[in-house]
Novice: 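Mind looking over this structure? Questions follow.
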Number of protein chains: 4
Amino acid sequence: MARGLNKAMLIGHLGNDPEMRVTASGQSVVNFTVATNESFRDNNGNMQERTEWHRIVAWGKLAEICNQYLKKGRQVYVEGRLQTRSWDDNKTGEKKYTTEIICSDMQMLGSGRDQGGQGYDSNPSFQQPTAQKNSFRDDTPDQGGGLSETEKDDLPF
Amino acid sequence: MARGLNKAMLIGHLGNDPEMRVTASGQSVVNFTVATNESFRDNNGNMQERTEWHRIVAWGKLAEICNQYLKKGRQVYVEGRLQTRSWDDNKTGEKKYTTEIICSDMQMLGSGRDQGGQGYDSNPSFQQPTAQKNSFRDDTPDQGGGLSETEKDDLPF
Amino acid sequence: MARGLNKAMLIGHLGNDPEMRVTASGQSVVNFTVATNESFRDNNGNMQERTEWHRIVAWGKLAEICNQYLKKGRQVYVEGRLQTRSWDDNKTGEKKYTTEIICSDMQMLGSGRDQGGQGYDSNPSFQQPTAQKNSFRDDTPDQGGGLSETEKDDLPF
Amino acid sequence: MARGLNKAMLIGHLGNDPEMRVTASGQSVVNFTVATNESFRDNNGNMQERTEWHRIVAWGKLAEICNQYLKKGRQVYVEGRLQTRSWDDNKTGEKKYTTEIICSDMQMLGSGRDQGGQGYDSNPSFQQPTAQKNSFRDDTPDQGGGLSETEKDDLPF
DNA sequence: TTTT
DNA sequence: TTTT
């Protein structure tokens, strides 16, 4: 239920295996990072490469799919909304911020054959997992925003 | 020149007037914030509203258009790529991060009549500004990434 | 539940009032067109304008929101998936095709004050309609694709 | 140079090898189709698959890259704008329409190792082609729309 | 800090 | 920390 648009779309590779946990209220949540690469010609005419790293968060059934099928190195499409969280750094007492993509859609790209996966697509009975944010979720209190403070304290990041 | 996809798309309202400056090398750069609003029903069934704030950076001709036509409160569509910058906080000596959207396309939404603009669309000869990132730029060193360290030190954020 | 990505995103103005109907199975469906404008410089250096027309279809609760709040001339954001239908032209016996955007998200843009609407935003108690495709729908057979042939014959376009 | 937004984004597989030609005015143009797949549960609870076919057109340098590197079966990301063309069917004298995606960005997905390509990524000196629509093009008369009638008659579709 |  |  949006007024306005807040959308991020990435195609890149996972920088680490997904890290999964369950909140106090029983919600699954997964975190991973995705690198997007861009090449451009610098002032001297040489090709340069820049890598941008993105923090991805997925909830519920989508979290479980990410946890089960994604691995470090895997190429993915990720769609979601941008969210900036703040927290107090205990050491310095300062407020810190981090921007994450709250994932609502994920697609595995490539065949998986050479992506370090556990070979799901060599299994003929494999059903490509459906990675759209589970729809019964869309009308429920929004994850992340709707979390109780207890749950927020629980978050592994 | 991308390998992969790194795209953000917003529809929201400016939280402040654009702030423009020119780098040491003569590049125009503008900064502004955009709020996206989302309403959702909380655990108790009450409508809640969440506002997400986004930091927008535009370069070159697009910066000048943003500076000239956008005002606090104006509704806009913004498209760009996500970029996370880090800097050293002089007070604490810590590394800090901020994520921005490097704007490549901007569209003004609504009629402008009631958006605090300077009435550009009451002028019959007005040509809606073209807000696509100036194209001769696409092959040149990418702004933001391609900046010299001097210019980076110069940045007003 | 997608494998792959099939997404269209538009910002434009309605070319007609939405046309609503209910299928034999009781599903609401609405049709309208959206014009997107593009200006470019032609070979002789003159500014030219091109208008592209898009056919939009919405189902269920989203159809009802579109029908209730959208009017010819209104500026909207529309997101959906591309779908090409074919039918047999009775006169010529030939197969014909049309491509539509099956809408999953709609946002009204601008204030509505000068958009020929029925003044919803002058009503202080107005709650901006939520235009995301109703989520309980996402797990049901997909509309449009899942229609019975009877319903398809029924479609008003 | 847009007023409004007209964007399509696909991830899918090529249904045929790209077909390339050069217009009378010397512009390269390439055509290919992309299939996007969607799986959903039908009224009887069985998994169904739907395939949607999209017609892609690319111009200029991007056409040449598509022609050189894409093959039937290859997985790609395609971004572009929707354009509906009409022509007179000589047999029936009727006007017919087709909707295409005028490609402005293309990314090859997966490793290419198992995608029927000519093995470009087994070549260590291979530089991933840059597939963004050539940027000097953005300020020139828009391809497709800016074509002379002669060129349009020439088009191979 | 925006907007409805 | 990914990938080509």
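Just the heavy atoms: all of them, side chains too, but no hydrogens, waters or symmetry mates, feed the values below. Convention: sequence-line order gives letters A, B, ...; per-chain numbering from 1. Owing to the predicted nature of the structure, the values given are computational and were not obtained by experimental measurement.
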Novice: Do N46(B) and Q48(B) have side-chain N/O donor and acceptor atoms under 3.5 Å apart?
Specialist: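 There is no such pair (donor and acceptor under 3.5 Å, judged by atom type) between the side chains of N46(B) and Q48(B).
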
Novice: Using whole Å, report how far CG of L14(B) lies from C1' of dT3(E).
Specialist: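 Distance, rounded to whole Å: 11 Å.
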
Novice: Do we see W53(B) stacking on the base of dT1(E), given a limit of 5.5 Å between centres and 30° between planes?
Specialist: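 Yes, aromatic ring over the base.
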
Novice: Nearest to the side chain of T51(B), which nucleotide is it out of dT1(F), dT3(F), dT2(E)?
Specialist: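 For T51(B), the side-chain atoms sit closest to dT2(E).
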
Novice: Tell me which nucleotide among dT4(F), dT1(F), dT2(E) gets nearest to the side chain of E49(A).
Specialist: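 For the E49(A) side chain, the nearest candidate turns out to be dT4(F).
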
Novice: May I have the distance from R74(B) (atom CZ) to dT3(E) (atom C1'), rounded to whole angstrom?
Specialist: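 Whole-Å distance recorded here is 13 Å.
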
Novice: How many Å lie between CD on E19(B) and P on dT2(E), as a whole number?
Specialist: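 Taking atom P of dT2(E) as the reference, CD of E19(B) is at 14 Å.
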
Novice: Identify which nucleotide among dT4(E), dT1(F), dT2(E) has an atom closest to any side-chain atom of K72(A), counting heavy atoms from C-beta outward.
Specialist: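 The closest nucleotide is dT1(F).
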
Novice: Nearest to the N16(A) side chain among dT2(F), dT2(E), dT1(F), which nucleotide is it?
Specialist: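 Shortest atom-to-atom distance from the side chain points to dT1(F).
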
Novice: Run the salt-bridge test on R3(B) and E38(A) with the 4.0 Å N-O cut-off and return the result as yes or no.
Specialist: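 Not counted as a salt bridge, because no side-chain N and carboxylate O are separated by less than 4.0 Å.
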
Novice: Whole Å only: how far is the CG atom of N31(A) from the P atom of dT2(F)?
Specialist: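 To the nearest whole Å, that distance equals 18 Å.
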
Novice: Roughly how many Å is it from CG in L10(B) to C1' in dT2(E), rounded to a whole number?
Specialist: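 Computing the L10(B):CG to dT2(E):C1' distance gives 13 Å.
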
Novice: With sequence neighbours left out, write down each residue that passes salt bridge (charged side-chain N to carboxylate O under 4.0 Å, His left out) with D89(B), or none if nothing qualifies.
Specialist: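 Once residues adjacent in sequence are excluded, the partners of D89(B) under the salt bridge (charged side-chain N to carboxylate O under 4.0 Å, His left out) criterion are K96(B).
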
Novice: Without decimals, in angstroms, what is the distance between D17(B) CG and dT1(E) P?
Specialist: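 Interatomic distance, CG of D17(B) to P of dT1(E): 14 Å.
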
Novice: Which whole-number value in Å describes the distance from Q107(D) CD to dT2(F) P?
Specialist: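 Value for this atom pair: 20 Å.
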
Novice: Is N37(B) side chain donor-acceptor paired with the dT4(E) base, going by distance under 3.5 Å alone?
Specialist: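 In this structure, the two groups form no donor-acceptor pair.
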
Novice: For a quick check of understanding: with a heavy-atom distance under 4.0 Å over all strands, which category does T36(B) fall into, base, sugar-phosphate or nothing?
Specialist: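 It contacts nothing in the nucleic acid.
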
Novice: With sequence neighbours left out, what residues match E79(B) under salt bridge (charged side-chain N to carboxylate O under 4.0 Å, His left out)?
Specialist: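 Salt bridge (charged side-chain N to carboxylate O under 4.0 Å, His left out) list for E79(B), sorted by chain: K7(B), K7(D).
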
